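Values in this document were obtained by computation on a predicted structure and should not be read as measured data.
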Amino acid sequence: KNLDTLEPRFGKLVCLIHPETINELLQLEKTAGPKRSKIASLSLKIINDQLKKGDFKYLDNNELDKLELPQQFNSAVDSILLNISVEKKLPLATIDKNLIKRALKKGVDVITLKSNRIIFVNSKVRSNLNYS
């Protein structure tokens, strides 16, 4: 819902997907409890549908090759996505509360869900730095 409210601000949105995000969702689909497993399964379906429509795309291999993986794998994907958002000055889309906090502290704007609506959270750090 309300994704179209972000387009005037950013133009046509194309969400970048890290391949490890898919691996993480596949793992959750297999090993998580019934509720989280269903959410992971639905997420994978949505990603697949959006990839076909061109609204999502995988991160380019050249981009992935430039990135260094953090030592702790459990936070590797989150750190990579956060670093890409910082480097490219792009908002980060996530529902992970810890990742949202980390992003906002680093000055990254966040797109997330609240009450089944997409919301944009403007980083006060970025606002204070006067990024354009």
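Contact annotation: the side chain of L104 approaches that of V121 to within less than 4.5 Å [non-hydrogen atoms, C-beta and beyond]. The side-chain heavy atoms of T94 and T112, taken from C-beta on, include no pair separated by under 4.5 Å. Residues S123 and V108 form no side-chain contact, since every pair of their non-hydrogen atoms from C-beta on lies 4.5 Å or further apart.
Taking CG of L25 as the start and CD of E20 as the end, the distance is 11.0 Å to the nearest 0.5 Å. With rounding to the nearest 0.5 Å, the separation of CG in L82 from NZ in K105 is 11.5 Å. The CD1 atom of I84 lies 6.0 Å from the NE2 atom of H18; values are rounded to the nearest 0.5 Å.
Using a distance-only test at 3.5 Å, with no hydrogens or angles considered, a donor-acceptor pair links the side chain of T31 to the main chain of Q27.
The two atoms that bring T21 and I17 nearest to each other are CB-CG2, 4.4 Å, heavy atoms only. For the residue pair S85 and P91, the shortest heavy atom distance occurs at OG-O, 3.9 Å.
For residues 30-40, there are no salt bridge (charged side-chain N to carboxylate O under 4.0 Å, His left out) pairs, not counting sequence neighbours. For residues 102-124, every residue pair satisfying the ring pair (Phe, Tyr, Trp, His ring centres under 6.0 Å) rule, not counting sequence neighbours, is listed here: F10-F120.
Residues satisfying the side-chain contact (heavy atoms from CB on, under 4.5 Å) criterion with L16, sequence neighbours excluded, are K57, L59.
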Show every donor-acceptor pair shorter than 3.5 Å between a side-chain atom in residues 39-54 and any protein atom, with sequence neighbours excluded, or say none if there are none.
unit_1 : atom_1 : unit_2 : atom_2 : d
S41    : OG     : E29    : OE2    : 3.1
S43    : OG     : I39    : O      : 2.9
K45    : NZ     : D49    : OD2    : 2.9

Before giving the answer on side chain to side chain contact (heavy atoms under 4.5 Å, CB included), spell out for K106 and N83 the whole-Å C-alpha distance, their side-chain angles and the decisive distance to 0.1 Å.
CA-CA 9 Å; K106 286 201 170 209; N83 289 338; 4.2 Å; yes
